[in-house]
Amino acid sequence: MAAAVQSTAFKGLSPLNRRLALANHSKLGPAFQAMAHVVLFQCALPERDREIAIIRTGALTRSEYEWGMHISIYADRCGLDAAQVRELTGSADWHALSPGLWSDRERLIVRMVDELHHHCTVSDQTWQPLGAGWPQEQVIELIFASSFYHMAALFLNSAAVPLEPGAERFPAPLAQAKVPA
(Lines give C-alpha, C1' and ligand atoms only; values in the text may rest on other atoms or scores of the structure.)
Protein backbone atom coordinates (compact mmCIF):
# COMPACT_ATOMS: atom_id res chain seq x y z
CA MET A 1 0.00 0.00 0.00
CA ALA A 2 2.82 2.42 0.86
CA ALA A 3 4.42 1.81 -2.55
CA ALA A 4 1.14 2.57 -4.32
CA VAL A 5 0.66 5.78 -2.37
CA GLN A 6 4.21 6.97 -3.01
CA SER A 7 4.28 5.99 -6.69
CA THR A 8 3.71 8.97 -8.96
CA ALA A 9 4.79 10.20 -12.37
CA PHE A 10 4.22 13.82 -11.32
CA LYS A 11 6.76 16.34 -10.12
CA GLY A 12 5.43 19.11 -7.88
CA LEU A 13 1.63 19.03 -7.55
CA SER A 14 0.62 15.38 -7.40
CA PRO A 15 -2.66 13.53 -6.81
CA LEU A 16 -1.66 12.25 -3.36
CA ASN A 17 -5.16 12.37 -1.86
CA ARG A 18 -6.53 10.37 -4.79
CA ARG A 19 -3.79 7.76 -4.32
CA LEU A 20 -4.58 7.60 -0.59
CA ALA A 21 -8.27 7.03 -1.33
CA LEU A 22 -7.48 4.36 -3.93
CA ALA A 23 -5.15 2.58 -1.49
CA ASN A 24 -8.30 1.39 0.29
CA HIS A 25 -8.80 -1.23 -2.44
CA SER A 26 -5.95 -3.60 -3.23
CA LYS A 27 -7.14 -4.51 -6.74
CA LEU A 28 -9.08 -1.50 -8.03
CA GLY A 29 -6.59 1.09 -6.77
CA PRO A 30 -3.62 -0.21 -8.77
CA ALA A 31 -5.84 -0.89 -11.81
CA PHE A 32 -7.15 2.68 -11.70
CA GLN A 33 -3.62 4.06 -11.43
CA ALA A 34 -2.44 1.89 -14.33
CA MET A 35 -5.28 3.08 -16.57
CA ALA A 36 -4.69 6.72 -15.64
CA HIS A 37 -1.02 6.27 -16.51
CA VAL A 38 -1.89 4.86 -19.95
CA VAL A 39 -4.39 7.65 -20.69
CA LEU A 40 -2.00 10.40 -19.57
CA PHE A 41 1.40 9.15 -20.67
CA GLN A 42 1.16 6.32 -23.19
CA CYS A 43 -1.37 7.43 -25.78
CA ALA A 44 -0.67 9.09 -29.13
CA LEU A 45 -3.41 11.71 -28.70
CA PRO A 46 -2.02 15.26 -28.55
CA GLU A 47 -1.85 16.48 -24.95
CA ARG A 48 -3.98 19.58 -25.66
CA ASP A 49 -6.76 17.48 -27.19
CA ARG A 50 -6.70 15.09 -24.24
CA GLU A 51 -6.78 17.90 -21.70
CA ILE A 52 -9.68 19.70 -23.41
CA ALA A 53 -11.63 16.45 -23.06
CA ILE A 54 -10.59 15.88 -19.43
CA ILE A 55 -11.11 19.46 -18.23
CA ARG A 56 -14.54 19.63 -19.88
CA THR A 57 -15.43 16.29 -18.27
CA GLY A 58 -14.31 17.55 -14.85
CA ALA A 59 -16.49 20.64 -15.24
CA LEU A 60 -19.57 18.71 -16.41
CA THR A 61 -19.26 16.15 -13.61
CA ARG A 62 -18.60 18.96 -11.13
CA SER A 63 -15.49 17.19 -9.93
CA GLU A 64 -13.51 20.05 -8.47
CA TYR A 65 -10.66 17.67 -7.62
CA GLU A 66 -10.13 16.41 -11.16
CA TRP A 67 -10.84 19.76 -12.82
CA GLY A 68 -8.48 21.60 -10.47
CA MET A 69 -5.65 19.12 -10.88
CA HIS A 70 -5.81 19.21 -14.67
CA ILE A 71 -6.10 23.00 -14.78
CA SER A 72 -3.15 23.32 -12.40
CA ILE A 73 -0.89 20.78 -14.08
CA TYR A 74 -1.80 20.99 -17.75
CA ALA A 75 -3.68 24.16 -18.77
CA ASP A 76 -0.64 26.42 -19.22
CA ARG A 77 1.43 23.60 -20.64
CA CYS A 78 -1.24 22.99 -23.28
CA GLY A 79 -1.69 26.65 -24.11
CA LEU A 80 -5.18 26.90 -22.61
CA ASP A 81 -5.63 30.53 -21.57
CA ALA A 82 -7.99 31.91 -18.91
CA ALA A 83 -10.77 32.68 -21.41
CA GLN A 84 -10.63 29.14 -22.81
CA VAL A 85 -10.65 27.61 -19.33
CA ARG A 86 -13.68 29.78 -18.45
CA GLU A 87 -15.55 28.55 -21.53
CA LEU A 88 -14.61 24.89 -21.02
CA THR A 89 -15.78 25.19 -17.44
CA GLY A 90 -18.87 27.33 -17.69
CA SER A 91 -20.43 27.05 -21.15
CA ALA A 92 -23.79 25.33 -21.26
CA ASP A 93 -22.84 23.24 -24.27
CA TRP A 94 -20.40 23.15 -27.16
CA HIS A 95 -22.60 25.51 -29.23
CA ALA A 96 -21.80 28.29 -26.72
CA LEU A 97 -18.03 28.14 -27.35
CA SER A 98 -16.64 31.30 -28.93
CA PRO A 99 -15.48 30.52 -32.47
CA GLY A 100 -12.54 32.91 -32.05
CA LEU A 101 -11.18 30.95 -29.09
CA TRP A 102 -11.49 27.44 -30.48
CA SER A 103 -10.64 25.63 -33.68
CA ASP A 104 -13.33 23.48 -35.29
CA ARG A 105 -11.34 20.46 -34.13
CA GLU A 106 -11.38 21.63 -30.51
CA ARG A 107 -15.08 22.43 -30.65
CA LEU A 108 -15.61 18.88 -31.90
CA ILE A 109 -13.81 17.50 -28.83
CA VAL A 110 -16.13 19.48 -26.55
CA ARG A 111 -19.14 18.35 -28.59
CA MET A 112 -18.05 14.71 -28.14
CA VAL A 113 -17.55 15.17 -24.38
CA ASP A 114 -20.96 16.86 -24.04
CA GLU A 115 -22.64 14.00 -25.92
CA LEU A 116 -20.88 11.34 -23.84
CA HIS A 117 -21.82 13.12 -20.64
CA HIS A 118 -25.46 13.74 -21.48
CA HIS A 119 -26.25 10.69 -23.64
CA CYS A 120 -23.56 8.09 -22.85
CA THR A 121 -22.81 7.79 -26.56
CA VAL A 122 -21.54 9.78 -29.52
CA SER A 123 -23.89 10.66 -32.37
CA ASP A 124 -23.18 9.70 -35.97
CA GLN A 125 -22.99 13.45 -36.71
CA THR A 126 -20.09 13.71 -34.27
CA TRP A 127 -18.48 10.35 -34.96
CA GLN A 128 -17.99 11.05 -38.67
CA PRO A 129 -15.88 14.22 -38.27
CA LEU A 130 -13.97 12.62 -35.37
CA GLY A 131 -12.97 9.80 -37.72
CA ALA A 132 -12.02 12.29 -40.41
CA GLY A 133 -9.96 14.43 -38.01
CA TRP A 134 -8.00 11.85 -36.02
CA PRO A 135 -6.68 8.34 -36.64
CA GLN A 136 -9.04 5.68 -35.26
CA GLU A 137 -6.69 4.92 -32.37
CA GLN A 138 -6.78 8.57 -31.27
CA VAL A 139 -10.59 8.75 -31.53
CA ILE A 140 -10.69 5.82 -29.11
CA GLU A 141 -8.20 7.64 -26.87
CA LEU A 142 -10.40 10.77 -26.88
CA ILE A 143 -13.41 8.71 -25.82
CA PHE A 144 -11.35 6.94 -23.15
CA ALA A 145 -9.94 10.23 -21.83
CA SER A 146 -13.43 11.58 -21.24
CA SER A 147 -14.94 8.27 -20.10
CA PHE A 148 -12.14 7.35 -17.71
CA TYR A 149 -12.19 10.78 -16.07
CA HIS A 150 -15.98 10.62 -15.86
CA MET A 151 -15.57 7.43 -13.85
CA ALA A 152 -12.79 9.07 -11.82
CA ALA A 153 -15.10 12.01 -11.06
CA LEU A 154 -17.83 9.68 -9.80
CA PHE A 155 -15.36 8.07 -7.40
CA LEU A 156 -13.68 11.30 -6.30
CA ASN A 157 -17.01 13.07 -5.73
CA SER A 158 -18.59 10.12 -3.90
CA ALA A 159 -15.54 9.38 -1.74
CA ALA A 160 -15.17 13.11 -0.94
CA VAL A 161 -11.48 12.96 -1.76
CA PRO A 162 -9.96 16.15 -0.30
CA LEU A 163 -8.69 18.73 -2.78
CA GLU A 164 -4.92 18.94 -3.10
CA PRO A 165 -3.29 22.02 -1.57
CA GLY A 166 -2.23 24.32 -4.39
CA ALA A 167 -4.68 22.97 -6.98
CA GLU A 168 -7.04 25.39 -8.71
CA ARG A 169 -10.56 25.72 -7.34
CA PHE A 170 -13.80 26.06 -9.28
CA PRO A 171 -14.77 29.61 -10.16
CA ALA A 172 -18.05 30.81 -8.60
CA PRO A 173 -20.83 29.84 -9.03
CA LEU A 174 -19.63 26.33 -10.03
CA ALA A 175 -19.44 24.03 -7.03
CA GLN A 176 -18.52 20.45 -6.24
CA ALA A 177 -21.26 17.96 -7.05
CA LYS A 178 -23.61 16.97 -4.24
CA VAL A 179 -26.97 15.31 -3.87
CA PRO A 180 -29.68 17.93 -3.24
CA ALA A 181 -31.32 17.80 0.19
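Numbers here are sequence positions counted from 1.
- Checked by atom type and distance alone, the side chain of Asp114 pairs as donor or acceptor with a backbone atom of Trp94 at under 3.5 Å.
- Rounding to the nearest 0.5 Å places CD of Glu64 at 6.0 Å from CZ of Arg169.
- Within a 6.0 Å sphere centred on CH2 of Trp102, other residues, nucleotides and ligands contribute more than 12 heavy atoms.
- Residues Ile143 and Leu88 are members of one and the same hydrophobic cluster, defined by side-chain heavy-atom contacts under 4.5 angstrom among Ile, Leu, Val, Met, Phe, Trp and Tyr.
- Of all heavy-atom pairs between Ala53 and Leu142, the closest is CB-CD2, 4.3 Å.
- Ser91 approaches Leu97 most closely through the heavy-atom pair OG-CD2, 3.7 Å.
- Between the side chain of His119 and the backbone N or O of Thr121 there is no donor-acceptor pair closer than 3.5 Å.
- Follow the hydrophobic side-chain contacts under 4.5 Å out from Leu163 and you never reach Val85; the two are in separate clusters.
- For the pair Asn157 and Thr61, the tightest heavy-atom approach, listed with the atom from each and the gap, is ND2-O, 3.1 Å.
- Cluster membership check: Ile55 shares its hydrophobic cluster with Leu45, using side-chain heavy-atom separations under 4.5 Å among Ile, Leu, Val, Met, Phe, Trp and Tyr.
- With values rounded to the nearest 0.5 angstrom, Lys178 atom NZ is found 8.5 Å from Arg62 atom CZ.
- Note that CD1 of Ile71 is 9.5 Å distant from SG of Cys78, once rounded to the nearest 0.5 Å.
- A salt bridge (charged side-chain N to carboxylate O under 4.0 Å, His left out) with Glu106 is found for one member of Arg56, Arg50, Arg111, Arg48 and no other, namely Arg48.
- Classification of Arg105 and Asp49 as a salt-bridged pair holds, one side-chain N sitting under 4.0 Å from a carboxylate O.
- For the atom pair CD (Glu137) and SG (Cys43), the distance works out to 7.5 Å, reported to the nearest 0.5 Å.
- Tyr74 and His70 have parallel rings, their planes meeting at less than 30° on a 0 to 90° scale where 60° marks the start of perpendicular.
- When Val113, Thr57, Ile109, Leu108 are each tested for a side chain to side chain contact (heavy atoms under 4.5 Å, CB included) with Ile52, only one passes: Ile109.
- Side chain of Thr89 to backbone of Ala59: no donor-acceptor contact under 3.5 angstrom is found.
- For Glu115 (side chain) and Ser123 (main-chain N/O), a donor-acceptor pair under 3.5 Å exists by modelled atom type.
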(message) The test is side chain to side chain contact (heavy atoms under 4.5 Å, CB included); show your working for Asn17 and Leu156 and say whether it passes.
(response) CA-CA 10 Å; Asn17 290 334; Leu156 294 163; over 6 Å; no
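- Only one option out of Glu87, Gln84, Arg107, Arg86 pairs with Ser98 in a side-chain hydrogen bond (donor to acceptor under 3.5 Å, both in side chains); it is Glu87.
- The neighbour count for Phe144 CZ, taken as heavy atoms of other residues, nucleotides or ligands under 6.0 Å away, does not exceed 12.
- Hydrophobic cluster membership differs between Leu174 and Tyr149, with clusters built from Ile, Leu, Val, Met, Phe, Trp and Tyr side chains linked at under 4.5 angstrom.
- Glu164 and Pro15 make their closest contact through OE2-C, 3.4 Å (heavy atoms, listed as atom of the first residue, atom of the second, distance).
- Rounded to the nearest 0.5 angstrom, Gln176 CD and Trp67 CH2 are separated by 12.0 Å.
- When every heavy atom of Leu22 is checked against every heavy atom of Gln33, the shortest pair comes out as CD1-OE1, 3.3 Å.
- Across all their heavy atoms, Ala44 and Glu141 have their closest contact at N-OE1, 3.0 Å.
- More than 12 heavy-atom neighbours from other residues, nucleotides or ligands sit within 6.0 angstrom of CD on Gln42.
- Interatomic distance, OG of Ser147 versus CG of Leu116, reported as 5.0 Å (0.5 Å rounding).
- When hydrophobic clusters are built by joining Ile, Leu, Val, Met, Phe, Trp and Tyr residues whose side-chain heavy atoms come closer than 4.5 Å, directly or via intermediates, Val39 is grouped together with Ile140.
- Residues Met151 and Phe32 form a side-chain contact, since some pair of their non-hydrogen atoms from C-beta on lies under 4.5 Å apart.
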